[in-house]
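Report on one structure; see the data block that follows.
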Amino acid sequence: MTNTSHIINMFGEDNAEYFNAIAPPIIQTSNFRFKNIDQLRKAIKNEKESFVYSRGNNPTLIILSKKLAALEGAEDTLLFASGMAAISNAILSNINNGEHIICVNKPYSWTSHLLKNLLPRFGVEHTFIDGTDLENFNKARQKNTRIIYLESPNSWTFEMQDLSAVAQFAKKHKITTIIDNSYSSPINQQPIKHGIDIVVHSATKYIGGHSDTVAGVLCSNKAMIEKVFNNEYMTFGGIIAPFNAWLLLRGLRTLPLRMERHAKTAQTMVTFLEKHPKVIKVFYPYSESFPQFNLAKKQMKQGGGLLSILLNTKDVKKIETFCNALKHFQLAVSWGGYESLVFPVCTFVDDERFSELPINLVRLYAGLEDEQLLINDLTQALKKI
Ligand SMILES: *Cc1c(COP(=O)(O)O)cnc(C)c1O
């Protein structure tokens, strides 16, 4: 296996092509020129492997996609303008009118919107299931099921699926498996090694890692990547810009270090919060108290920076007081950057997308700050309720 440090640094790069620069280049161009018609003709015939036009292929993107494929243990990777572009391309490429998708409960909100509101317009049905029990996949399977969509863990309450078992079940029934691996990043979990067909990421989160880029990744085998490239990728045009791809290349250089630090700080927060009298329950997949801790240990290297807590009050005013009192956890959506964040379910009082989650659930994101600063902040804010 190729060493992670080697992948992040030299792998997929040919520095002699760009003046031996240590940092990869940003090739900010829309198109590429050719010496003669013969060359142009050959390139257009194989846009995936040639540089013709940057909606298809670009040298900065190629460097990044080689590294990401290697980190995920995939044959190839496509890069997108957002995680949702990667997710919608992955799903649309593998489903037709009259077919059916099995999806785990509580996927990312806009993934849920895609299944519930957009795909039915094209005759695609879905069933949401509790993916913690393999038997539920079997119960939900129909003759026309073509996709099993996983998110393990999900990003609010962290339910997981046994990836090897689901992959085995899906292969038996010729169903394509897709997983949203954003929570773990390729450092903590590599689903393709468990037999999953397609891995998607919101690279906006850990891969970018600096809260300054929206981006997406789709990893799979060569045949699948070619199919997506020649259809959805080229027609929907949800491509990442070279500069944003370069920001991800920069983010990759510290990804393993950052993941280690997020895991350590989150663990310290979990230990503190589990003992706190104003917290009823802590949700963190790598905590011994988590019902699927053994599965987490089996398929994930370590936990991430996200965790959730149930406060011991359902009084929205008090929950707001706690969130507003935090000084170093900033009130914001998303996660994966330097900054610690807080995002409470009570933001969505009249939003059916979050109606399944308890009102007193508050999501915290352990950033890269000094952990004592964060513990002190939680201590003072919990005192206010
Ligand atoms: C943010 C997020 C997405 C969507 O990614 P974008 O880059 O915002 O389009 C998908 N899945 C999960 C789990 C996310 O957190």
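Everything numeric in this text was worked out from a predicted model, so none of it was measured. Just so you know, ligand 1 is whichever comes first in the structure, and atom 1 is the first atom listed for that ligand.
- For Glu274 and Ser289, the side-chain atoms include at least one donor-acceptor pair closer than 3.5 Å.
- Closest to atom 5 (O) of ligand 1, if we only count protein heavy atoms, is Ser202 OG, 3.0 Å.
- With Trp335 as reference, Tyr206 is the one residue of Phe343, Phe329, Tyr206 to meet the ring pair (Phe, Tyr, Trp, His ring centres under 6.0 Å) rule.
- Using a 4.0 Å cut-off to heavy atoms of Asp180, the atoms of ligand 1 that qualify are 10 (C), 11 (N), 12 (C), 13 (C).
- Heavy-atom proximity to Glu151, at under 4.0 Å, picks out these atoms of ligand 1: 13 (C).
- Every atom of ligand 1 with a heavy atom of Thr204 under 4.0 Å away is listed here by number and element: 6 (P), 7 (O).
- In this structure, Lys67 pairs ionically with Glu13, as a charged nitrogen and a carboxylate oxygen lie closer than 4.0 Å.
- Closest to atom 14 (C) of ligand 1, if we only count protein heavy atoms, is Lys205 NZ, 2.8 Å.
- A perpendicular orientation is assigned to the rings of Phe11 and His6, their planes being inclined by more than 60° (bins at 30° and 60°).
- Relative orientation of the Phe348 and Trp156 rings is perpendicular, given thresholds of 30° and 60° on the angle between their planes.
- No N or O atom of Val214 sits closer than 3.5 Å to an N or O atom of ligand 1.
- The protein atom (non-hydrogen) at minimum distance from atom 4 (C) of ligand 1 is Tyr108 CE2, 3.3 Å.
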Next on the checklist: Between Ile91 and Ile147, does the side chain to side chain contact (heavy atoms under 4.5 Å, CB included) criterion hold? Intermediate values first, please.
Outcome noted: CA-CA 8 Å; Ile91 292 176; Ile147 292 176; 4.1 Å; yes
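- Where the criterion is an N or O separation shorter than 3.5 Å, residue side chain and backbone included, Ser155 fails it with respect to ligand 1.
- Atom numbering of ligand 1 starts at 1 in the shown order; those under 4.0 Å from a heavy atom of Ala215 are 7 (O).
- For atom 9 (O) of ligand 1, the closest non-hydrogen atom of the protein is Met84 N, 2.8 Å.
- Interface of Ile87 with ligand 1, defined as ligand atoms under 4.0 Å from a residue heavy atom, comprises 10 (C).
- Side-chain polar atoms of Glu99 and Asn144 form no donor-acceptor pair below 3.5 angstrom.
- Under the 6.0 Å distance and 45° angle rule, Lys48 does not count as a cation-pi partner of Tyr53.
- Residue-ligand proximity: Trp335 is placed with a non-hydrogen atom under 4.0 Å from ligand 1.
- A perpendicular orientation is assigned to the rings of Tyr286 and Phe293, their planes being inclined by more than 60° (bins at 30° and 60°).
- For atom 6 (P) of ligand 1, the closest heavy atom belonging to the protein is Gly83 N, 3.3 Å.
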